[in-house]
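Below is one structure; the comments refer to it alone.
So you know, we letter chains A, B, ... as the sequences are listed, proteins then strands, and number each from 1. These values consider heavy atoms only, across backbone and side chains, with no hydrogens, waters or symmetry-generated copies.
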Amino acid sequence: MKNQSYFEKVYFVTKKIPFGRVSTYGAIADYLALGSARMVGWALNHCHSAETGIPAHRVINRKGELSGRNHFPTPTIMQELLENESILVDNHVVKNFKDLFWHPGEHLEPYDEIA
DNA sequence: GACCTGACGCCCC
DNA sequence: AGGGGCGCCAGGT
C-alpha cells in the first residue's frame, strides 16, 4: 500500500494511537517524514470523524491543546471523547499531556515496513 | 496550471 | 521568556 493519498497515510497512523493516549500533528508528520504538521491537521479535516474509525480526537497540537475541536460537529465532542478515555481536559488542554503523549516513531515500525 | 488555503511548529527577534 | 513571522506541501478552485 504505497500509493495511498496523504490523507490515508495520516489516517493509518492515527488509527494506531492507543486508547487513552494522545499524539500530536507534529509527531505524526515526523513519523511519516512528510514535512509539515500543518498537513496532518489538514488531512484530518478531510475525514469526517469517528465514523471511519479514525480517533481524530486523540490528535492535538504540541501544547496539548485541542486545537481542532471546532471542526467537530460540536466543539465539545472532542473533549467528551477524550474524557471517555479517562483523559482529563482542562480549559481545552489535555492534562498530563506529557505522560499521555504517544509518539508513533517510538512505538511503530517505520511506515514503509508496515504500509 | 497558478494561486490560495490550512485541525501546526520552528526559528528569530 | 514571550510574541511574531515564515516554512511546510497536498488538494481544491
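With DNA chain C read from its 5' end, the first of the two nearest nucleotides for A/Ala37 and A/Trp42 is the one closest to A/Ala37.
A/Met39 has its CE atom 12 Å from the C1' atom of C/dG7, to the nearest Å. Rounded to a whole Å, the CZ atom of A/Arg69 is 11 Å from the C1' atom of B/dA7. Per the geometry, OH belonging to A/Tyr6 stands 9 Å off C1' belonging to C/dC8, to the nearest Å. Distance A/Asn70 CG to B/dC8 P: 10 Å, rounded to the nearest Å. One atom, CZ of A/Phe7, and another, C1' of B/dA7, lie 13 Å apart when rounded to the nearest Å. Taking atom CG on A/Leu44 and atom P on C/dA10, their separation rounds to 16 Å, with Å as the unit. Put simply, CG on A/Leu32 is 13 Å from C1' on C/dA10, counting in whole angstrom units. One can place CG of A/Leu66 at 12 Å from P of B/dC8, the figure rounded to the nearest angstrom.
Listed nucleotides: B/dA7, B/dC8, C/dA10. Nearest to the side chain of A/Ala56: B/dA7. When distances are taken from the side chain of A/Arg62 to each of B/dA7, B/dC10, B/dG6, the shortest belongs to B/dC10.
A cation-pi arrangement is absent between A/Lys15 and A/Phe12, since the terminal nitrogen or guanidinium carbon is not both under 6.0 Å from the aromatic centre and inside a 45° cone about the axis.
You'll find a donor-acceptor pair under 3.5 Å spanning the side chain of A/Arg38 and the base of C/dG7, going by distance alone.
Across all strands, A/Tyr25 comes closer than 4.0 Å to base atoms (heavy-atom distances).
Between A/Tyr31 and A/Ile114, the shortest heavy-atom contact is OH-CD1, 3.4 Å.
A/Phe101 and A/His103 have perpendicular rings, their planes meeting at more than 60° on a 0 to 90° scale where under 30° would count as parallel. A parallel orientation is assigned to the rings of A/Trp102 and A/His107, their planes being inclined by less than 30° (bins at 30° and 60°).
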